[in-house]
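Some notes on the structure that comes next.
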There are 2 protein chains.
Amino acid sequence: MHPNFIKHINKYIELDDNTIEVLNKYIKPITYKKKEFLLKEGQICRSIYFVVKGCLRMFFINDKRTEQITQFALENWWISDFFSFMDNKPSEYFIQTVEKSEILSIDALSLEAMLKELPQMERYLRIIMQRAVAASQLRIKYVHQLSKEEFYIHFCTSFPEFVQRVPQYMIASYLGLTPEYVSELRKKNL
Amino acid sequence: MHPNFIKHINKYIELDDNTIEVLNKYIKPITYKKKEFLLKEGQICRSIYFVVKGCLRMFFINDKRTEQITQFALENWWISDFFSFMDNKPSEYFIQTVEKSEILSIDALSLEAMLKELPQMERYLRIIMQRAVAASQLRIKYVHQLSKEEFYIHFCTSFPEFVQRVPQYMIASYLGLTPEYVSELRKKNL
DNA sequence: CAAAAAAATTAAGCTGGTTTAAGAAAAAGT
DNA sequence: ACTTTTTCTTAAACCAGCTTAATTTTTTTG
C-alpha cells in the first residue's frame, strides 16, 4: 500500500495495521502515462481516484468545441465526477493525466464493501468531502470577488507549483480565461 | 424533534428511536424572523445549520460595498461557512434569513460529541457532503458553459420555487448579474 | 539533429454585460 | 390609508476581456 495514502488517511483518523491490510483489498493502484484518460465523456464514472504521484485534470468540451477544465488534482487529492459516480449517470467530463501519474482507484461497489467492513473510513471520507465543500465555497468567493486579472495573479501566487507543472493554456482554461489574455497579463505583470 | 429532519436523515441511513432521542440532545432548534442574522462577517461560524422551514442566504460584502450572495438554503438544506467552522477562523460571510425560518443548529463541539455517540451519523454527513461536492461541480460547469443570459434562464427553469420566494435582485446577485441586466433579460424573455 | 506538433505571443477590432442615474412600482411599517 | 422603504425598470455610455488571425517559440518525436 502506498505510504503517502496511509499518511493522508492518518491525518484525519487513527489507522491500525489490520485496517491498512483490509483497505489494501479494496484499492487498486494503476500507473498512467502522460495524457492517458481515466474517464471519457459518455462513460459512467465508476471510481473515485486518489493521486499518489502526478497530476490529473478534469474537463468538458463546451459549445465552442474547446476544452474547459474544471478541476486539477495533484498529489494527495481525490478526484471524480461525483454525480456520475453516485447516480450511475453518463459523465459529461473527461479525466486525463497531465503527466505520468500513480493513481489509486476505488469503484463504487468496492467503496461500499470497504465502508461496511471499515466504518471508521466514513469519518475520513466525511472530513475529505467537508474540506472539498469548503474549498469550493472559497473558489466561488474568488470568482465573484476578483477581476479576471486579479484571479489569475491570485492563483499563480497561491499555487506556484501549478504554474511550474501545468501548461499555461490549461491554467487559463481552469480560470475561465483565453490563452491570449493570459499572455497579455503575463507581459503586463512580470 | 422535527419530522422533516428525521425523514431527511432516514433517506440516507437507518434510524431507530433511540438514535433519534440521542440526536435530540445535541441539536438546537431556533426560530428566526425575516432578515435576522445567523452569522456576521468577523464572527467565527460556530454551527452548521439545517433549514426545516424557510430560506437562508449566505453573502459577503465585495470591494464595491455591495452584497454578493454565494448560496441559498431552502427546506432540507444544510448551510455553513465550512472553513470558518472547521478551522475556527473569522468568517468573511453573513448568513441571514430571507424569510421567517425554523432552523436546527449544531455547534462544533456538539457535532463531535454526537458523532462519537452516533458514529453512524458520519455516514449521513459523508453522503450529504458528497452531494454538496457534486452540486458544486455542476455549478462550476454551468458557470463556464452558459452565457449569463442562459445561466439566468436555466436557473429560473430549474428552480422556479426560488423565483417565487426570493427577490429578483437576490437571484441576480447569486448568479453574478446586475439587477439592471436581469430586468433587461426579463423584458426580452417573457 | 531535423521536422512536426504543441504552446505561447502579438495586435486590432468587437461585444456581452456593467455602470450610472433617474424614475416607477410594489411592499412594509405605523 | 398614508408614508417610508424596498424592489424593479429604463436607457445611454462605457470597458474588461474575447475573437480572429498571423507569427514565433518551445517541446516532442523519429
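Contact annotation: A:K187 side-chain N/O to C:dA11 OP1/OP2 distance is under 4.0 Å.
C:dA24 atom P lies 19 Å from atom CZ of B:R186, rounded to whole Å. In this structure, the NZ atom of A:K148 is 12 Å from the P atom of C:dT18, given to the nearest Å. For A:K188 and C:dA11, the NZ to P distance is 15 Å, given to the nearest whole Å. In this entry the distance linking CD of B:E180 with P of C:dA22 reads 14 Å, nearest Å.
Between A:F59 and A:F94, the two ring planes are parallel [angle under 30°; tilted spans 30° to 60°]. Using cut-offs of 30° and 60° for the angle between ring planes, the A:F159 and A:F155 rings count as tilted.
The heavy-atom pair separating B:A113 from B:Y26 by the smallest distance is CB-CE2, 3.6 Å.
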Hey, can you pull the donor-acceptor pairs under 3.5 Å for the side chains in residues 37-58 of chain A, sequence neighbours left out?
residue	atom	partner	partner atom	Å
A:Q43	OE1	A:K40	N	2.9
A:Y49	OH	A:L38	O	3.4
A:K53	NZ	A:E75	OE2	3.3
A:R57	NE	A:Q96	OE1	3.0
A:R57	NH1	A:E67	OE1	2.9
A:R57	NH2	A:E67	OE1	3.1
A:R57	NH2	A:Q96	OE1	2.7

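Nearest-nucleotide positions on DNA chain C for B:K34 and B:E184 put B:E184 closer to the 5' end.
DNA chain C lies under 4.0 Å from at least one heavy atom of each of the following residues of residues 150-179 of chain B: B:G176, B:L177, B:T178.
For A:D17, the CG atom is loosely surrounded, since the number of other residues' heavy atoms within 6.0 Å does not exceed 12. With a 6.0 Å radius and a threshold of 12 heavy atoms from other residues, nucleotides or ligands, A:Q120 has its CD atom above the threshold. Annotation for B:E92: atom CD does not count as buried by contact number, only 12 or fewer foreign heavy atoms lying within 6.0 Å.
Nucleotides of DNA chain D that come within less than 4.0 Å of any heavy atom of chain A span, from the 5' end to the 3' end, D:dG17 to D:dT28.
Screening B:K35, B:R165, B:K33 for a side-chain hydrogen bond (donor to acceptor under 3.5 Å, both in side chains) with B:E99, the sole residue that qualifies is B:R165.
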